[in-house]
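These figures come from a predicted structure and were not determined experimentally.
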There are 2 protein chains.
Amino acid sequence: MLLNFAPKLTKLKADSNTEDKIKEAAKQVFIAKGFSGCTSREIAKAAGMNVALVNYYFRSKSALFKIIFEAAMGDFLLSMLEVFNTSLSLEEKLRNYLSREYEFLAKYPEIPSFIINEMGRKDGVHIDNTSVFKCIEQTGIFEECLIEQKAGRMREIDITSITLLMMSNCQFPFMGAAVIKQVHGISDEQYEKQLVQHKQIVTDMLIGYLFPGSTSTQITQK
Amino acid sequence: MLLNFAPKLTKLKADSNTEDKIKEAAKQVFIAKGFSGCTSREIAKAAGMNVALVNYYFRSKSALFKIIFEAAMGDFLLSMLEVFNTSLSLEEKLRNYLSREYEFLAKYPEIPSFIINEMGRKDGVHIDNTSVFKCIEQTGIFEECLIEQKAGRMREIDITSITLLMMSNCQFPFMGAAVIKQVHGISDEQYEKQLVQHKQIVTDMLIGYLFPGSTSTQITQK
DNA sequence: CTCTGTTTTAAACGCTTGTTTAAAATTGCT
DNA sequence: AGCAATTTTAAACAAGCGTTTAAAACAGAG
């Protein structure tokens, strides 16, 4: 026992141990219903096990939530960072960002709502996100925008507004899906197809607006 | 007693009776924390009274929520309907819509999140919104878009995408305020000013995109 | 004042919540 | 095998939940 210098080596045998099963269940339940919208027992049942096990592996509901939230945050920012850390032109980076973001959100459409809601709540479980946001800044994407603006290749609007334009037109179509579907009385499958079209529209509009002199003025409709 | 043909006439004396005080408190609490994020006692305390009174005037927490939600929905759609029921040109209608929407959301920034969240929840208190959405359709705004598109004055994109563009760029800047503020490390007051600028940018971009041949290509920046 | 119906209160209801406990089952090691 | 540590279980805990009850406080009319 004292010689055990490689602890938990046996853990590697199973590709799906109890701890991970709980995390997976918690991820689904938390993202679907929010922190205050679900119970510990609900998560346990979704994982197919006892309530006490949830608190055995993760000290409390809050602690588990923190882990899930931060993981969601990480997933969400990963593709963003991957795109921004390339050496493409700014226009190409933004095009890629839009493309990747729509791909990602098609897979995990509930994540933006989840993040925004839980961050917005005044009484929510407090989480320090500063490191995550520092990552974005460190890609130098903001400075790059300023350079392109100075060079006259990019429209001179505030960087915050650029972020807003990009995020608004990516995230809202997924966050507000329920409302839009009801307004236009369309089915889930129809809306999925709609989003494919909309991705192209958003790309055309944003690139056309941000880079007025670009070659992006294509006849991409229909 | 049998002769009382004007019931509750005495109720008109006070401009703020108990029932309204509860509704006002419930509105604030529900919108800030959501249905499952708050308790009946919390609402009662916010109204300065006993828990039992909440259920005395409104049968249950769910019943009260339904009332508040529908009122929020009504407020939210009111300005939209007012604009769409005018006899201006489509471009002017959309310009006015954007302007009014930013005004409204500056006052009640939490309403879109509230509506979208509670509508999106699978297990939420079920509410029939069909009548509300019928109202939008009845303004004839969608047909008007089709006419303008046929006439070649409006870009030929799907009506659903037009709705998405309008709503995304209005609502997200308020829904995602907490995230954007943290990303760019800006204060509440700075962000308020940012939104004033952004409203103008969004208007330029959307009108410019939707009505390619319009006079809207102004030098509205800086 | 007395009698009426309405409004407000304090207390209790049964149930669910997050969390803990202590015993049972399982595992890994010699 | 047998022992020690880990993992899982069932049961219990106090606290809080939405809701109900029954009595108190209040108001208006005769």
Side-chain angles (χ1 to χ4, degrees), chain A residues 1-26 29-30 33-69 118 123-126, chain B residues 1-26 29-30 33-69 118 123-126:
Chain A
M1 194 198 327
L2 284 167
L3 293 171
N4 188 2
F5 287 113
K8 306 213 175 182
L9 203 146
T10 56
K11 282 290 179 54
L12 298 173
K13 63 175 179 185
D15 61 331
S16 168
N17 55 2
T18 302
E19 195 171 336
D20 290 341
K21 269 194 263 182
I22 296 176
K23 274 214 279 209
E24 196 49 46
V29 177
F30 273 141
K33 303 196 173 188
F35 178 76
S36 60
C38 72
T39 70
S40 300
R41 283 169 175 82
E42 196 175 349
I43 292 169
K45 189 172 285 182
M49 47 193 57
N50 199 293
V51 206
L53 269 183
V54 174
N55 279 19
Y56 173 74
Y57 283 100
F58 312 89
R59 278 183 33 256
S60 65
K61 187 191 179 189
S62 303
L64 176 55
F65 177 81
K66 210 165 176 174
I67 290 170
I68 300 302
F69 182 84
E118 303 294 342
D123 61 339
V125 180
H126 189 263
Chain B
M1 194 195 327
L2 285 167
L3 293 171
N4 189 2
F5 287 114
K8 307 215 175 183
L9 204 145
T10 56
K11 281 291 179 55
L12 298 172
K13 63 177 179 184
D15 61 330
S16 169
N17 55 0
T18 303
E19 194 171 336
D20 290 342
K21 269 195 263 182
I22 296 175
K23 273 214 281 211
E24 196 49 47
V29 177
F30 273 141
K33 303 194 171 190
F35 178 76
S36 60
C38 71
T39 70
S40 300
R41 283 170 175 82
E42 197 175 348
I43 292 169
K45 190 171 285 180
M49 47 193 57
N50 200 293
V51 206
L53 268 183
V54 174
N55 279 20
Y56 174 74
Y57 283 99
F58 312 89
R59 277 183 34 258
S60 65
K61 186 191 177 189
S62 303
L64 176 55
F65 178 80
K66 211 165 175 173
I67 290 169
I68 301 301
F69 182 84
E118 303 295 343
D123 60 342
V125 180
H126 189 263

To the nearest angstrom, how far is [X] atom [atom1] from [N] atom [atom2]?
| X | N | atom1 | atom2 | value |
| --- | --- | --- | --- | --- |
| A:Leu53 | D:dT6 | CG | P | 16 Å |
| A:Lys61 | C:dT17 | NZ | P | 9 Å |
| A:Asn55 | D:dA12 | CG | P | 19 Å |
| A:Ile22 | C:dT19 | CD1 | P | 14 Å |
| B:Asn17 | C:dT8 | CG | C1' | 14 Å |
| B:Phe58 | C:dT7 | CZ | C1' | 14 Å |

Which of D:dT9, C:dT7, D:dG18 is nearest the side chain of B:Tyr57? It is C:dT7
Looking only at non-hydrogen atoms, find the nearest pair between A:Leu53 and A:Ile22 and report the distance. O-CD1, 3.9 Å
Report all side-chain donor-acceptor pairs from residues 34-52 of chain B shorter than 3.5 Å, counting only partners two or more places apart or in another chain.
{"residue": "B:Thr39", "atom": "OG1", "partner": "B:Glu42", "partner atom": "N", "Å": "3.0"}
{"residue": "B:Glu42", "atom": "OE1", "partner": "B:Thr39", "partner atom": "N", "Å": "3.3"}
{"residue": "B:Glu42", "atom": "OE2", "partner": "B:Lys33", "partner atom": "NZ", "Å": "2.6"}
{"residue": "B:Asn50", "atom": "OD1", "partner": "B:Ala52", "partner atom": "N", "Å": "2.9"}

Centroid-centroid under 6.0 Å between A:Phe65 and A:Phe30 rings: yes
Name every residue in residues 35-52 of chain B that has at least one heavy atom under 4.0 Å from any atom of DNA chain C, in order of residue number, or write none if there are no such residues. B:Arg41, B:Asn50, B:Ala52
Once you round to the nearest 0.5 Å, how far does NZ of B:Lys23 lie from OH of B:Tyr57? 12.0 Å
Looking for any heavy atom pair under 4.0 Å, which part of the strands does A:Ser62 touch: base, sugar-phosphate only, or nothing? nothing
Think A:Tyr56 has a side-chain N or O under 4.0 angstrom from the OP1 or OP2 of D:dT8? no
